[in-house]
Every structure is written in structure tokens, then in C-alpha cells.
Engineer: 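Take this structure first; my questions come after.
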Amino acid sequence: MVVVKNINNNVSLCLDGNGKEVIVFGKGVGFLKPPSEVPLNKIERTFYNVSSHYLSILNDVPENILNFTARQMTLLRDKLPYKTTANLTFVLADHLAFALERAKKNIYIPMPSVYEMETSWPQEMEMGRSFVSAMEKEFGTKLPYGEAQAVAMHFINARSTHAEESAVNIEARYEEILERTTQIIENEMALTVRRDSFNYARFATHVQYLLRRIFEDKSIDSENIQMYESVRDEYETASRCVDRIAEYLKETWKAQLTEEEKLYLIMHVNRVCAKGREE
């Protein structure tokens with residue numbers, strides 16, 4: 001491998017024998033002047049197919065956090081039943097650096113939908129808890145429980161599966177879908193939704209998870225289904241609103257929402273509307 005650009009003392013952008021770009025981690029590789037050949041005994045980790053968008057992270061994130069994240073990914077990668085995108089290590093490093101900075105300043109950002117995360121993404125939540133636990137030991141800083149959920153969200157977003165192309169298409173239109181569902185709420189409930197409220201952030205997060213379940217064909221299945229009829233009767237207006245959202249998703253994405261999915265949507269819509277009426 002030939003060095004193209006030095007990122008820091010131990011990370012360089014290189015070209016392999018086939019002319020493909022690769023990020024190389026290794027002690028002292030950043031001291032090799034381009035276009036030097038990288039000795040094989042110096043190479044500790046390599047990352048192919050890293051988006052150019054994330055290369056700037058290598059300059060901004062402290063080297064010790066980059067190395068920590070790379071080590072943890074090596075340890076955890078075999079525990080996941082699917083592959084992740086090459087960018088995950090660098091996205092996580094950026095997130096963890098910011099998480100440490102927030103923790104040191106006692107800044108806490110609440111994370112919504114903890115129950116849904118535990119129910120729908122147990123493996124990713126386990127990865128998140130493992131990351132946070134290791135980070136606390138490595139850097140001697142206590143992190144809030146919500147950081148485990150935030151890390152889990154990065155794993156979910158980085159899933160590389162047979163449905164990856166569908167995932168990209170849906171995520172590319174996520175803002176459009178979120179805005180359309182919000183407009184349905186405003187029209188059906190005759191109010192203006194406060195898009196800067198915490199309840200709306202919770203709703204937006206739920207919509208994102210819902211879209212993930214749609215393209216992975218993975219619906220929620222739990223005993224809470226028994227609550228659907230009573231909640232539907234109690235919140236008739238919100239329920240009718242959710243029916244309209246379900247129709248939109250069916251017509252646009254051919255997605256048939258289960259009653260369990262509708263149950264969660266009713267609760268989120270009710271919270272969003274309650275906040276809107278208050279303000």
C-alpha cells in the first residue's frame with residue numbers, strides 16, 4: 001500500500017495494489033511521506049469504501065477516541081448477524097467524542113423511545129451498552145444511559161443487508177415522509193404542530209424506526225396488541241388520524257401497518273397534539 005495523505009500520526013489514506021483507496025491504521029504510519037510504501041508489519045487495521053464525507057472526521061476526532069472505536073468495532077463485529085457499512089467506525093468515533101465532551105460539561109440530551117429500542121433492536125442495544133461500558137472504563141467518564149441508545153441507533157442506521165438499496169431509498173425520502181405525516185396530523189387534528197418540541201422529536205424518531213421496520217419487513221409483535229382496541233376507543237380522533245397515515249404509507253410504500261404499529265402511532269400523535277394545543 002502506498003501513502004496518499006497522512007491523517008494523523010497513526011492513520012493515513014492509502015492506495016492498495018489495485019488502486020483502491022483505503023484508510024490504514026497503524027503505529028507511525030502517519031510519519032511516512034507520500035508516496036511511501038507502508039510496511040505490512042505496521043498495518044493494524046484497514047477500512048475500505050469509506051465515504052469522502054467522513055474523511056474530515058479523521059482530522060477532527062482525537063486520535064485516542066479513533067483508536068478506541070476501531071478496537072471496539074473489531075471486538076463487536078462478529079457478534080452481529082449482519083454486516084455494517086465501512087463508515088460506522090468513523091461516525092461512532094465522532095459521536096463518542098461529542099458524548100465525552102457533553103458529559104464533561106454535564107450536558108444531558110434525553111433520548112426518546114427507549115422501550116421501543118429495547119423491544120425492536122435488542123442486539124443493537126446490547127452493542128450500545130457494551131460500547132458505553134468500555135468507554136467509561138477507557139476514559140474514566142460516566143455517561144448517561146441514553147448514550148447506549150444513541151450508539152445503538154448508529155448500528156441500526158449502518159446495517160448492510162439484502163435490503164440496503166430499499167433502505168437508502170427510504171432514508172433519502174425520510175424528511176419528505178416525516179413532513180407528509182406531520183401534514184396529515186395537522187389537517188386531521190386542525191392544529192399546527194410545533195416541530196421544535198420534544199414530543200415532536202419523539203414522534204420523528206418513531207417514524208424513522210417505523211420506516212426501518214417497513215423495509216426490513218419486521219413488525220412489532222408483543223402482548224401490547226391487547227391494548228389497541230381500548231386505546232383506539234379512548235383516542236378516537238388520534239386513531240382516525242393514524243388511519244390516514246396508514247393509508248398514506250400503504251399507498252406510497254405498500255406497507256401494511258399492524259395494529260401494534262398503529263397503537264404506538266396513536267400514542268405519539270396524541271402527545272404531539274397535546275403539546276400543540278398547549279402552545
Side-chain angles (χ1 to χ4, degrees), residues 1-101 123-124 127-128 130-132 134-135 138-139 150-174 212 215-216:
M1 295 187 183
V2 176
V3 175
V4 174
K5 180 182 179 182
N6 300 126
I7 306 299
N8 58 45
N9 292 347
N10 302 310
V11 182
S12 290
L13 175 65
C14 302
L15 291 179
D16 69 6
N18 296 316
K20 293 184 177 180
E21 287 191 345
V22 54
I23 303 297
V24 174
F25 278 58
K27 190 172 182 179
V29 298
F31 292 112
L32 299 172
K33 293 183 179 180
S36 299
E37 186 79 23
V38 182
L40 292 179
N41 61 2
K42 280 187 172 291
I43 299 175
E44 296 176 4
R45 298 177 186 83
T46 57
F47 297 89
Y48 281 89
N49 302 315
V50 176
S51 170
S52 58
H53 172 73
Y54 297 106
L55 293 181
S56 61
I57 290 177
L58 296 171
N59 292 312
D60 299 334
V61 175
E63 189 174 334
N64 60 339
I65 296 179
L66 270 174
N67 291 330
F68 163 80
T69 308
R71 291 199 313 271
Q72 286 301 116
M73 283 301 299
T74 299
L75 293 173
L76 297 177
R77 189 175 288 113
D78 292 339
K79 295 184 179 181
L80 289 171
Y82 53 79
K83 293 181 179 180
T84 58
T85 60
N87 299 319
L88 178 57
T89 297
F90 307 105
V91 174
L92 273 174
D94 184 51
H95 172 84
L96 295 175
F98 189 36
L100 275 179
E101 187 177 325
Q123 288 178 310
E124 287 77 7
M127 298 296 102
S130 179
F131 245 98
V132 169
M135 193 169 182
E138 180 89 3
F139 298 100
V151 171
M153 288 174 64
H154 285 298
F155 275 95
I156 293 168
N157 290 333
R159 291 184 67 160
S160 178
T161 68
H162 64 281
E164 185 173 358
E165 184 175 350
S166 297
V168 170
N169 289 336
I170 288 181
E171 288 191 357
R173 294 188 61 186
Y174 166 67
R212 280 280 175 180
F215 80 75
E216 290 182 353

Engineer: How far apart are the closest heavy atoms of Lys42 and Lys27, and which atoms are they?
Structural biologist: NZ-O, 3.4 Å
Engineer: Take Lys5 and Glu21, measure what salt bridge (Lys or Arg N to Asp or Glu O under 4.0 Å) needs, and give me the verdict at the end.
Structural biologist: CA-CA 11 Å; Lys5 180 182 179 182; Glu21 287 191 345; over 6 Å; no
Engineer: Quick check for you: to the nearest 0.5 Å, what is the distance between Thr84 atom OG1 and Glu124 atom CD?
Structural biologist: 10.5 Å
Engineer: So Val151 and Met127, side-chain contact (heavy atoms from CB on, under 4.5 Å) or not? Walk me through it.
Structural biologist: CA-CA 8 Å; Val151 171; Met127 298 296 102; 5.8 Å; no
Engineer: Given side chains that start at C-beta, do those of Val29 and Ile43 come closer than 4.5 Å, heavy atoms only?
Structural biologist: no
Engineer: Just so I know, are the side chains of Leu15 and Lys20 near enough to count as touching, which here means a heavy-atom distance under 4.5 Å?
Structural biologist: no
Engineer: To the closest 0.5 Å, what do you measure between CG (Asn67) and CD (Glu138)?
Structural biologist: 9.5 Å
Engineer: Out of curiosity, Leu32 CG to Asn6 CG, how far, rounded to the nearest 0.5 Å?
Structural biologist: 7.0 Å
Engineer: List the residues meeting side chain to side chain donor-acceptor pair (under 3.5 Å) with Thr89, not counting sequence neighbours, and say none if there are none.
Structural biologist: none
Engineer: Taking atom CE of Met73 and atom CG of Leu92, what is their separation to the nearest 0.5 Å?
Structural biologist: 6.5 Å
Engineer: With side-chain contact (heavy atoms from CB on, under 4.5 Å) as the test, would you mind laying out the steps for Lys79 and Leu76 before giving the verdict?
Structural biologist: CA-CA 5 Å; Lys79 295 184 179 181; Leu76 297 177; 4.1 Å; yes
Engineer: Going through the checks in order, is the side-chain contact (heavy atoms from CB on, under 4.5 Å) test met by Ile23 and Thr46?
Structural biologist: CA-CA 6 Å; Ile23 303 297; Thr46 57; over 6 Å; no
Engineer: When you measure from the side chain of Glu37 to the backbone of Met1, do you find a donor-acceptor pair of N or O atoms at a distance under 3.5 Å?
Structural biologist: yes
Engineer: Run the ring-ring contact (aromatic ring centres under 6.0 Å, His included) test against Phe25 and tell me which residues pass, sequence neighbours left out.
Structural biologist: Phe47
Engineer: Return the CG to OH distance between Asp16 and Tyr48, rounded to the nearest 0.5 Å.
Structural biologist: 3.5 Å
Engineer: Minimum heavy-atom separation for Val61 to Asp94, with atom names?
Structural biologist: CG2-CA, 3.7 Å
Engineer: In Å, rounded to the nearest 0.5 Å, how long is the span from CG of Asn10 to CD of Glu44?
Structural biologist: 7.5 Å
Engineer: Would you say the side chain of Val24 lies within less than 4.5 Å of the side chain of Val11, judging by non-hydrogen atoms?
Structural biologist: no
Engineer: Are any side-chain N or O atoms of Ser12 and backbone N or O atoms of Val3, one a donor and one an acceptor, separated by less than 3.5 Å?
Structural biologist: no
Engineer: Given Val22 and Val50, is the side-chain contact (heavy atoms from CB on, under 4.5 Å) satisfied, shown in steps?
Structural biologist: CA-CA 8 Å; Val22 54; Val50 176; over 6 Å; no
Engineer: How close do Ala93 and Ile65 get, heavy atom to heavy atom, and via which atoms?
Structural biologist: O-CG2, 3.6 Å
Engineer: Taking all non-hydrogen atoms of both residues into account, name the closest pair between Gln72 and Ala134 and its distance.
Structural biologist: NE2-CB, 3.5 Å
